[in-house]
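I have placed the structure first, in the form of C-alpha cells, so that the comments after it can refer back to it.
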Amino acid sequence: YLATLSFNLTFFSMNTIKIISSNGNRYCYDIQSGILNSIDTERNYTIHSQKFNNSMFKLSITEEDIIHQLTNSPQIVFEVTERCNLQCKYCIYSECYETHTKRTGKDLSENDAKQVIDYVCNLCEQYNTKSTNITISFYGGEPLLRFNFIKEIIQYVEHKWNNFNICFNMTTNATLLKGEIVDYLAEKNVKLLISLDGNRENNSYRVYKNGNSSFDDIIKNIDDLQNKYPSYFPTKIDFNTVLHNKNSTKEATDFIFSKYQKKTILSELAIDGVKNEYKKEFIDMYKNTLEGIRQEDYSVIFTNDNLRQLPSFRDAIFFIYNETPYIYASFIELFFNRVKLWKPTGTCIPFGRKIFVSSNGNIYPCESVPHRITFGQIINNKLIINFTEIAKKYNQIMSVINKQCTKCYRKYNCGQCVYFLKSSNEYYCEGFMGKEAFIKYITDIVDFFENNQDAYRKIIEEISLS
C-alpha cells in the first residue's frame, strides 16, 4: 500500500469517472449520484445516471431530530476539570490554540453533572427510548485530580440507570494512578486510555509545570497497576501516543508493545486552530503517521490486529460512515443498487455521537466543537437546551455552505464539521475538493479496501465514531 500509487482514469461521460486501482481493478464513479460501481465483478454492474429528486436531499433538521439523537446518544462525556498537573507542550488547551476558550482551572460541579444525568433520564422516559446501553466518560484536564467527583458520579449513574449496561472510561496521564485510586478503578472496571508517547526521550514533551519529566512516575504507576491487577490490565488498559519530532511510529509502538504487550493508538498533533505566532513551532514539531516509517517496517508495525493504525484507516471509516446507514456483507456491496440520502458536509446531527458537558456546565455535541457555540447550559441549577434554536442555527449554516457543497466532488463523502468553519457573513469550507484531488482520494480508498481485506469487517464490527 505504501508503494507509489499508480492509476489511470478516463471519462465515460461528463458525469462518470473510470478509476483503475493499483491492482488493475476497474470502477466507475457517478458524480451526480455519488455511486461507485465495480466493473470487474461477476454481476458486471455498469454505471447509470441517477439524478436526485427533492425528497432525497437532507438540507435541514428539526427539533424532533435533535431530541431523538440526544435520547439515543451512546455516550456522555464529563469534562471533570480544566486543571492538569502536567504542562504538555503540544496540549490543545494551551495558549497556542485559538479554538477553545482560555482555561481558568474551572471544575465541573457534582450538582451540574447530576443535572445532566437527570435531564437525559427524564427525556428518555418521556420519549420512551429503548436503548439500554450508555458509556460515561471522564475527561480533563486530568480527571484524577478529582477522584471524589468520579466516585460520586459513578455511584449516581449506577443508581439512576440500574437497568442499563453501563461502561465507564477515562483518559489519564497516569501520574496519579496509584493507591486507592487504582483499587477503585479496577473494582469498577473503568477502562483507561493512558497518554504515553514512547520511551523517556519520546515522552519528553509531557512535563510537569516545573519542567521536570513525568516519565518515571508514569512508568512506575503503570508497572504497579499491571503487577497488582494482572486480569484488569489486559482488557481495560489502552495507550495513546501523539506523534511529534521527538518520537516515531516505530519507536513508540516498539517501546509500548515490548513493555506492556499493547498496541498504542497513534494520534497526530492537532494543527488546526494554532495561533499564527506559534505556527512555525508546531510545523517543526508536527509529524504525521507516515513519517519515519520505512516500507519494510510497515508490515511489522501495522499488523492485522493493529489494522486501525493504518494512516488511511480513518478515511476508510468516514467513507463507510457517509456511504450508508446500513450494514453490508462486504465493502463492494456498499455501491450496488441503493438510493442515497445526501446532506451537505459531514456534520453530525447534534448529540448523535455523544453529549459533552464542559467544566462550566455548557453542553456540546462533542469535545472538539469550538466553545464559541453553546448548545445548552445549566442556569440556576437547571439544564436548558433550546432544540429549536439549535436546529435553526444548523439549518442556517447548511443553507449557506450548500452552495459550495454542490460544486465539491467529495460532497457525498465529506468529513467537514460546519461548526469549525469561520464566518463573518459567508462560510468557506477548507475541505473543498476539486476533480483531480477527488480522483486521488477515491482511488486511495478503493486501494485500501482491496489491499486490506479485513478492514471492512473491523470497521463494521469494532469501530465507533466517537
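It should be emphasised that the depicted structure is a prediction, and the values quoted were computed from it without experimental measurement.
- For the pair D65 (side chain) and T62 (backbone), a donor-acceptor distance under 3.5 Å is present.
- Residue pairs satisfying the salt bridge (charged side-chain N to carboxylate O under 4.0 Å, His left out) criterion with at least one member in residues 377-406, sequence neighbours excluded, are absent.
- Going from atom OG1 of T71 over to atom CG of L123 covers 6.0 Å, rounded to the nearest 0.5 Å.
- One N or O on the side chain of T347 and one on the backbone of V418 form a donor-acceptor pair closer than 3.5 Å.
- Judged by distance alone, the side chain of K354 and the main-chain N or O of Y364 form no donor-acceptor pair under 3.5 Å.
- Residues passing the salt bridge (charged side-chain N to carboxylate O under 4.0 Å, His left out) test with K188, sequence neighbours excluded: E158.
- One N or O on the side chain of E82 and one on the backbone of K106 form a donor-acceptor pair closer than 3.5 Å.
- Rounding to the nearest 0.5 angstrom, the gap separating the OG1 atom in T443 from the OH atom in Y27 is 10.0 Å.
- Every residue two or more places apart in sequence or in another chain that forms a side-chain hydrogen bond (donor to acceptor under 3.5 Å, both in side chains) with N111 is listed here: N381.
- Using modelled atom types, no side-chain atom of S359 and backbone atom of E79 make a donor-acceptor pair closer than 3.5 Å.
- Rounding to the nearest 0.5 Å gives a distance of 11.0 Å between CE of M433 and CD1 of I439.
- Side-chain atoms of D447 come within 3.5 Å of backbone atoms of S22 as a donor-acceptor pair (strictly under, hydrogens ignored).
- Residues that satisfy the side-chain hydrogen bond (donor to acceptor under 3.5 Å, both in side chains) test with N189, not counting sequence neighbours, are absent from this structure.
- Screening T249, I265, I194, I256 against T241 for a side chain to side chain contact (heavy atoms under 4.5 Å, CB included) leaves a single residue, I256.
- No donor-acceptor pair closer than 3.5 Å links the side chain of E152 to the backbone N or O of E110.
- For NZ of K114, the number of neighbouring non-hydrogen atoms (other residues, nucleotides, ligands) closer than 6.0 Å is greater than 12.
- We find the CZ-CG distance between F449 and D444 to be 12.0 Å, quoted to the nearest 0.5 Å.
- The ring of Y441 has its center no closer than 6.0 angstrom to the ring center of Y409.
- Side chain of K262 to main chain of I237: a donor-acceptor pair is present (N/O by atom type, distance under 3.5 Å, no hydrogens or angles).
- Checking side-chain atoms of D197 against main-chain N and O of V242 turns up a donor-acceptor pair under 3.5 Å.
- In terms of modelled atom types and a separation under 3.5 Å, the side chain of N23 and the main chain of N25 share no donor-acceptor contact.
- Residues satisfying the ring-ring contact (aromatic ring centres under 6.0 Å, His included) test with Y419, not counting sequence neighbours, are F375.
- For the pair H371 and N360, the minimum side-chain heavy-atom distance is 4.5 Å or more.
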Counting only pairs under 3.5 Å, give me each side-chain donor-acceptor contact of residues 137-145, with atom names and distances, residues two or more places apart or in other chains.
from	atom 1	to	atom 2	distance (Å)
S137	OG	Q75	NE2	2.6
S137	OG	N169	OD1	2.5
Y139	OH	Y93	OH	3.0
E142	OE1	T172	OG1	3.4
E142	OE1	N173	N	2.8
E142	OE1	N173	ND2	3.2
E142	OE2	L144	N	3.1
E142	OE2	T172	OG1	2.9

